[in-house]
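Okay, so here's the structure we're looking at.
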Amino acid sequence: MASPLDEPASGASPTFDEVVHAPNRLQICAFLDPLDEAEFSVVRDALGVSDSVTSKQVKVLQSAGYVTVSKPTGNGRVKTWLALTPEGRRAYRAHVAALRVLLG
C-alpha cells in the first residue's frame, strides 16, 4: 500500500528543501505532518533537545512560512502550539520524496 509520503502533496515534484533538511527541523516536520497541531513541549521532548534549540528551529520554519505558532489564552498556564502550514506540509513531503529518489 502506498504511503502519503510516497508522493508530495498536490502532485509537486520531489524537491530538496534546505530549510526542512536540517536534522531538528526535519524531525519537527516529521512529527507535525500527521497532526493538526502539537504543544511545544511535546515536540521538544520528542526531539530530546532544550527549549532554546527547539525555539530556534521553529523560528526558522516559521520564517519560511512552514510552521504556525499560536498561544491561545485561557485559564492557567499559556501553552504554545505548533502546526505545519499547507506550504510546510508540501515542502516536507516534497523533501521526503526527493530523499527517497536520492536513496533509490
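Considering all non-hydrogen atoms of both residues, Thr80 and Lys71 come closest at OG1-CE, 3.2 Å. Scanning both residues, Pro14 and Val101, for their nearest heavy atoms gives CG-CG2, 4.1 Å. Scanning all heavy atoms of the two residues, the minimum distance from Val78 to Pro72 falls at CG1-O, 3.8 Å.
The distance from atom CG of Asp33 to atom CD1 of Ile28, rounded to the nearest 0.5 Å, is 13.5 Å. Atoms CG and CZ, on Leu61 and Arg25 in that order, are 6.0 Å from each other to the nearest 0.5 Å. Here the straight-line distance linking atom CG of Leu32 with atom CD of Glu37 works out to 9.5 Å at 0.5 Å rounding. Rounding to the nearest 0.5 Å places OG of Ser70 at 12.5 Å from NZ of Lys79. Put simply, CG on Asn24 and SG on Cys29 are 11.0 Å apart, with the number rounded to the nearest 0.5 Å. The structure places CZ of Arg44 at 11.0 Å from CG of Leu82, a figure rounded to the nearest 0.5 Å.
Residues Val42 and Leu35 are members of one and the same hydrophobic cluster, defined by side-chain heavy-atom contacts under 4.5 angstrom among Ile, Leu, Val, Met, Phe, Trp and Tyr. Residue Val69 is grouped with residue Leu47 when hydrophobic side chains (ILVMFWY) are merged at heavy-atom distances under 4.5 angstrom, including chains of intermediate members. Both Val19 and Val96 sit in one connected hydrophobic cluster of ILVMFWY residues. Membership requires side-chain heavy atoms under 4.5 Å apart, directly or through other members.
Under the side-chain contact (heavy atoms from CB on, under 4.5 Å) criterion, Asp45 pairs with no residue, sequence neighbours left out.
Formation of a donor-acceptor pair under 3.5 Å by the Thr15 side chain with backbone atoms of Ala94 is not found in this model. Using modelled atom types, one side-chain atom of Thr54 and one backbone atom of Ser50 make a donor-acceptor pair closer than 3.5 Å.
Listed by first and then second residue, the ring-ring contact (aromatic ring centres under 6.0 Å, His included) pairs involving residues 19-74 are Phe16-His21, His21-His95 (not counting sequence neighbours).
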